[in-house]
Amino acid sequence: MLMITKVYLQKMTKLLRRVSQLTALGGAAGVGWLLGSNHSHKSSLLQSLPFFDTLSAAAPQGSIISTEATDIVPPPSPNASRISQIMRFGFPGLSNIRALDDYVLSYDTRNRVPNWVCEHLTADNLAKKSDVDRSKCDFHEDLSIHEFFRSENRDYKGSGFDRGHMAAAGNHRLSLEDCRQTFLLSNMAPQVGKGFNRDKWNDLEQYCRKLARENANVYVCTGPLYIPRREDDGKLYIKYQVIGQNHVAVPTHFFKVVVCENKNGELELESYLLPNMEIDDSTPLSTFQVPAEVIERASGLLIFDKIDKKKLGKLNAHIQHFLWLTQSLPDTREKFQRLYFT
């Protein structure tokens, strides 16, 4: 009995030490932030989104919760662990985290899809290597997930949905194993194929790689969303399909939040919210740029919370375009809302 107790205590000590390490890496949870100093600009923009009034936060708009972000988050040392490099600006959450060799994910055991996935992209790790061929990679179960909560290939078979990467295979070319790890089903969520996964979502992934080649560092947080719709009875409901024997949830929307660090160490942020549906190829990506706060409220996550968002060099490069689109042209605004958000 004494020996069993000692072994148990040793295991618990190791577990608590690991939790402490993750918490230190993740930073404090519950950090709120404002979208710049122009509150009227922010308010009018957010109100133009028909679902925003349903995404309430604990604190009233215009207030800041908990601690202040530091002015500058220094880059990790060259010999720092890969996880600390990827998660430089904080964990969006600390539930069911898996650290792969070249990306980090949080897994949603209820819906059998990721909560979020984080990546760190540079021009060097995007360089093509002759021995890295995605055709040699197969979609496969994540055996580290309990069998009750795993998704399987048979869940997607005949469903009409693609197995959509959250961490894109094209972002992980340092080794064949890195690429192969992006084909874990824990990194997948059901996506509409034609017009979305194979088209507009792919456009966004390629755009992120373009940013990585133009900047010193790019950090990407990606995930699914389940956004309410107003039904005929006038009430708001969150409805989504599930597929397969394991009831894998089909998200209504997907997001990407992207932080770019240029060669002078200046940071810029862009955030995208796309509906999981066929999107006309002529629709520019900038159409789907929204304030990052909208994504945070919808997801329940605080994304890149170690960054003081008010001090970013650029916050959504095309946000003025989005404002113009949703406020200045009623016909365009109504069509946009009808197609993508209501």
- Does some side-chain heavy atom of T109 sit less than 4.5 Å from a side-chain heavy atom of H146? no
- Query: Side chains of Y207 and L211: closer than 4.5 Å at any heavy-atom pair?
  - Reply: yes
- Task: To the nearest 0.5 angstrom, please state how far the CG atom of N217 sits from the CZ atom of F89.
- Result: 8.0 Å
- With distance as the sole test, does R112 use its side chain to make a donor-acceptor pair with the main-chain N or O of R110 at under 3.5 Å? yes
- Task: Could you tell me if the ring centre of F139 sits under 6.0 Å from that of H165?
- Result: yes
- Message: Is there a path of hydrophobic side-chain contacts, each under 4.5 Å between heavy atoms, that joins V132 and F183?
- Response: no
- Query: Under a 4.5 Å cut-off applied to non-hydrogen side-chain atoms, are I243 and Y156 in contact?
  - Reply: yes
- Message: Could you check whether any side-chain heavy atom of I97 comes within less than 4.5 Å of a side-chain heavy atom of W116, counting everything from C-beta outward?
- Response: yes
- Message: Going by side-chain hydrogen bond (donor to acceptor under 3.5 Å, both in side chains), D102 matches just one of R82, R173, Q181. Which one?
- Response: R82
- Please examine the side chains of F254 and L225, heavy atoms only from C-beta on, and report whether any two atoms are closer than 4.5 Å. no
- Query: CG/L204 to CD1/I279 distance, rounded to the nearest 0.5 angstrom?
  - Reply: 10.0 Å
- Message: Between S186 (side chain only) and R150 (backbone N and O only), is there a donor and an acceptor less than 3.5 Å apart?
- Response: no
- Item | Minimum-distance pair of heavy atoms, taken over all atoms of V258 and C208 | CG2-SG, 3.8 Å
- Query: Among the clusters formed by ILVMFWY side chains lying less than 4.5 Å apart, do L174 and L126 turn up in the same one?
  - Reply: no
- Under a 4.5 Å cut-off applied to non-hydrogen side-chain atoms, are H253 and N276 in contact? no
- Message: Could you measure the distance from the CG atom of N115 to the CE atom of M166? Nearest 0.5 Å is fine.
- Response: 12.0 Å
- Carefully, step by step, assess E231 and K235 under the rule side-chain contact (heavy atoms from CB on, under 4.5 Å). CA-CA 6 Å; E231 300 293 336; K235 298 178 181 179; over 6 Å; no
- Task: Over all heavy atoms of both residues, which pair between A212 and L121 is shortest? Give the atoms and the distance, please.
- Result: CB-CB, 3.7 Å
- Message: Rounded to the nearest 0.5 Å, what separates atom CG in N215 from atom CD in E266?
- Response: 10.5 Å
- So do S151 and M188 actually touch side chain to side chain, heavy atoms under 4.5 Å? no
- Task: For K256 and L273, indicate whether the former's side chain and the latter's backbone hold a donor-acceptor pair under 3.5 Å.
- Result: no
- Does any N or O in the side chain of N111 come within less than 3.5 Å of the main-chain N or O of A249, such that one atom is a donor and the other an acceptor? no
- Message: I'd like to know if E293 pairs up with R297 as an ion pair, taking the criterion as any Lys NZ or Arg NE/NH1/NH2 lying under 4.0 Å from an Asp or Glu carboxylate oxygen.
- Response: yes
- Message: For a quick test of reading the model, state the closest non-hydrogen atom pair linking D199 to G193 and the distance between them.
- Response: OD2-O, 4.2 Å
- Item | Check: L267 and L312 side chains under 4.5 Å, non-hydrogen atoms | yes
- Message: I need the minimum non-hydrogen distance between F255 and P224, along with the two atoms involved.
- Response: CE2-O, 3.9 Å
- Answer yes or no: does atom CZ of F148 have more than 12 heavy-atom neighbours from other residues, nucleotides or ligands under 6.0 Å? no
- Cluster check L176, L100: I/L/V/M/F/W/Y, side chain < 4.5 angstrom: no
- Query: Can any side-chain N or O of D162 pair as donor or acceptor with the backbone N or O of G164 at less than 3.5 Å?
  - Reply: no
- Is a donor on one side and an acceptor on the other found under 3.5 Å between the side chain of K200 and the backbone of L274? no
- Message: For the residue pair D124 / T122, report whether a side-chain donor-acceptor contact shorter than 3.5 Å exists.
- Response: no
- Item | Intermediate values then yes/no, side-chain contact (heavy atoms from CB on, under 4.5 Å), V290 and Y272 | CA-CA 6 Å; V290 299; Y272 297 84; over 6 Å; no
- Item | Test item: D101 side-chain N/O and D178 main-chain N/O as donor-acceptor pair under 3.5 Å | no
- Task: Taking all heavy atoms of A168 and all of E119, pick out the closest pair and write down the distance.
- Result: N-OE1, 3.5 Å
- Is the side chain of N246 donor-acceptor paired with the backbone N or O of V248 at a distance under 3.5 Å, no angle test? no
- Message: Atom NZ of residue position K210 - does it have more than 12 heavy atoms of other residues, nucleotides or ligands inside 6.0 Å?
- Response: no
- Could you tell me the separation between the CD atom of E261 and the OH atom of Y219, rounded to the nearest 0.5 Å? 5.5 Å
- Message: Does V104 form a side-chain contact (heavy atoms from CB on, under 4.5 Å) with F91? I'd like the steps, not just the answer.
- Response: CA-CA 9 Å; V104 176; F91 283 80; 4.2 Å; yes
- Note on the structure: In this structure, CD of E141 is separated from CZ of R154 (nearest 0.5 Å) by 8.0 Å
- Item | Side-chain donor/acceptor of D142 to backbone N/O of L184, under 3.5 Å | no
- Query: What are the two closest heavy atoms between P291 and S271, and how far apart are they?
  - Reply: C-OG, 3.7 Å
- Message: Donor-acceptor pair, distance only, cut-off 3.5 Å: does the side chain of E296 make one with the backbone of I303?
- Response: yes
